[in-house]
Amino acid sequence: MSAQPNAGFAREASRQILAGGSAGLVEICLMHPLDVVKTRFQIQRCATDPNSYKSLGDSFRTIFRREGLFGFYKGVLPPILAETPKRAVKTFAIAGLGSGLTEAIVVNPFEVVKVGLQANRNKFTEVPGNPHECALQAQPSTMSYARHIIKTEGLGLQGLNKGFTATLGRHGVFNMVYFGFYYNVKNIIPVNKDPTLEFLRKFGIGLLSGTIASVINIPFDVAKSRIQGPQPVPGQIKYRTCFKTMATVYQEEGFLALYKGLLPKIMRLGPGGAVMLLVYEYTYSWLQKNW
């Protein structure tokens with residue numbers, strides 16, 4: 001008699017994981033270029049640096065000119081690899097803050113690798129003997145870079161799990177605001193029988209949820225990028241802990257520095273959050289009917 005409930009639970013869990021994984025994969029593929037730009041803004045310290053980006057448009061033009069189209073997809077493999085275990089954790093964890101904290105434990109090593117790859121600004125170089133032809137310098141693969149971190153820095157809070165507290169804050173605060181706002185507002189605004197208007201209702205609520213959550217949690221995101229990214233002086237660790245990093249950024253660069261990368265973050269997680277929730281709901285509904 002216990003086999004049927006167990007089978008039903010396994011099927012329901014599988015539906016949620018498949019729907020969540022599909023939603024996450026679509027969102028990553030569409031929005032990852034904005035994540036690269038956001039990380040680049042967050043790790044640059046001085047606007048007078050000749051390598052710094054002056055605006056969102058300048059960042060896109062510079063990356064495309066120097067690194068090509070694939071420059072916008074640096075570090076895309078770690079979040080894709082993290083998506084399935086992340087969704088599995090969310091399926092069984094407490095909603096909101098609890099799910100964000102649990103999720104951070106799973107994704108933090110992937111974030112360390114992703115940020116390191118995104119911070120790499122390899123440029124096109126001239127091919128010897130042919131000044132009119134350029135070649136892209138070799139990029140480290142995801143696995144080789146992960147092995148390098150483990151070999152040189154270890155698995156702990158100074159290695160593959162550095163920035164762990166900042167990641168806890170980023171995911172915990174985001175999920176608490178995002179899901180709390182989404183499901184409360186979703187219940188207040190009535191369901192529309194017109195499929196197009198219902199789609200717009202869900203998209204609008206998801207967009208607003210992602211935008212508000214992004215504005216509230218971005219200081220944690222900036223601290224995470226500084227800790228996990230390259231340090232200002234190679235071999236010297238300046239950004240070590242979450243709140244101390246926030247304090248250092250505030251003291252040296254001002255309050256607005258804690259909101260670096262906000263525009264690309266909102267552009268990614270506002271529409272991205274709406275896309276993810278819609279893909280999840282429609283995929284889950286299809287799985288319920290067909291599996």
Side-chain angles (χ1 to χ4, degrees), residues 35-47 49 52 75 78-79 82 86 89-90 93-116 118-119 149 152-181 209-266 268-269 273:
D35 193 58
V36 172
V37 171
K38 179 212 70 172
T39 300
R40 295 283 180 89
F41 271 113
Q42 290 177 342
I43 62 177
Q44 69 181 27
R45 300 180 62 250
C46 182
D49 186 332
S52 67
K86 185 171 79 172
V89 167
K90 275 192 171 182
I94 299 172
L97 177 62
S99 70
L101 297 178
T102 311
E103 175 186 315
I105 297 172
V106 176
V107 304
N108 192 66
F110 294 93
E111 285 289 317
V112 172
V113 176
K114 184 199 76 170
V115 170
Q118 289 179 338
I149 294 174
T152 58
E153 300 173 342
L155 294 167
L157 296 179
Q158 299 304 317
L160 200 61
N161 273 291
K162 59 187 171 184
F164 178 64
T165 305
T167 303
L168 283 176
R170 186 182 79 154
H171 285 260
V173 171
F174 184 89
N175 281 14
M176 179 176 63
V177 176
Y178 181 68
F179 289 109
F181 184 89
S209 301
T211 300
I212 293 172
S214 295
V215 172
I216 292 174
N217 89 325
I218 194 170
F220 290 96
D221 201 3
V222 171
K224 185 190 79 69
S225 294
R226 292 293 179 94
I227 295 168
Q228 295 177 344
Q231 299 294 310
V233 179
Q236 297 181 18
I237 301 178
K238 180 175 183 176
Y239 305 116
R240 191 182 295 272
T241 62
C242 177
F243 292 105
K244 188 175 180 181
T245 296
M246 287 186 190
T248 300
V249 171
Y250 172 74
Q251 290 166 3
E252 294 184 353
E253 304 170 50
F255 177 75
L256 292 180
L258 292 171
Y259 288 83
K260 283 186 175 181
L262 179 60
L263 181 56
K265 182 180 175 72
I266 288 175
R268 182 205 168 192
L269 291 175

>> Is there a side-chain contact (heavy atoms from CB on, under 4.5 Å) between Leu269 and Tyr178? Walk through the geometry before answering.
In response: CA-CA 10 Å; Leu269 291 175; Tyr178 181 68; over 6 Å; no
>> Would Asp35 and Lys114 count as a side-chain contact (heavy atoms from CB on, under 4.5 Å) here? Give the steps.
In response: CA-CA 10 Å; Asp35 193 58; Lys114 184 199 76 170; 2.7 Å; yes
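Between Phe243 and Phe220 the shortest side-chain heavy-atom distance falls below 4.5 Å. Side-chain contact between Phe164 and Ile105 is present, with heavy atoms from C-beta onward closer than 4.5 Å. The shortest distance between side-chain heavy atoms of Val115 and Lys224 falls below 4.5 Å. Two residues are said to be in side-chain contact when any heavy atoms from C-beta on lie closer than 4.5 Å; Arg45 and Glu253 meet this criterion. In this structure the side chain of Val222 never reaches within 4.5 angstrom of the side chain of Thr245, judged on heavy atoms. Pro79 is not listed as a side-chain neighbour of Phe110, based on a closest heavy-atom distance of 4.5 Å or more. Within the 4.5 Å cutoff, the side chain of Gln228 has heavy atoms near those of the Asn108 side chain. Contact of the Val177 side chain with the Asn217 side chain is not registered, since no non-hydrogen atoms from C-beta on lie closer than 4.5 Å.
Lys38 pairs with exactly one of Lys260, Gln118, Lys265 by the side-chain contact (heavy atoms from CB on, under 4.5 Å) rule, that one being Lys265.
For Arg226 (side chain) and Gln42 (main-chain N/O), a donor-acceptor pair under 3.5 Å exists by modelled atom type. Looking only at distances, no side-chain donor or acceptor of Asn161 sits under 3.5 Å from a matching main-chain atom of Gly156.
Using bins of under 30°, 30° to 60° and over 60° for the plane-to-plane angle, the ring pair Tyr259/Phe255 lands in the tilted bin.
Residues Pro230 and Ile43 approach most closely at CD-CD1, 4.3 Å, considering heavy atoms. Between Val113 and Pro78 the shortest heavy-atom distance is CG1-CG, 3.9 Å. Annotation for Phe41 and Pro264: closest pair CD1-CG, 4.3 Å, computed over non-hydrogen atoms. Nearest heavy atoms, Ala82 versus Val107: CB-CG1, 4.3 Å.
With values rounded to the nearest 0.5 angstrom, Thr241 atom OG1 is found 6.5 Å from Ile227 atom CD1. Between Ser225 atom OG and Arg170 atom CZ the span is 7.5 Å, to the nearest 0.5 Å.
Shown here is Lys238, whose NZ atom has more than 12 heavy atoms of other residues, nucleotides or ligands within 6.0 Å.
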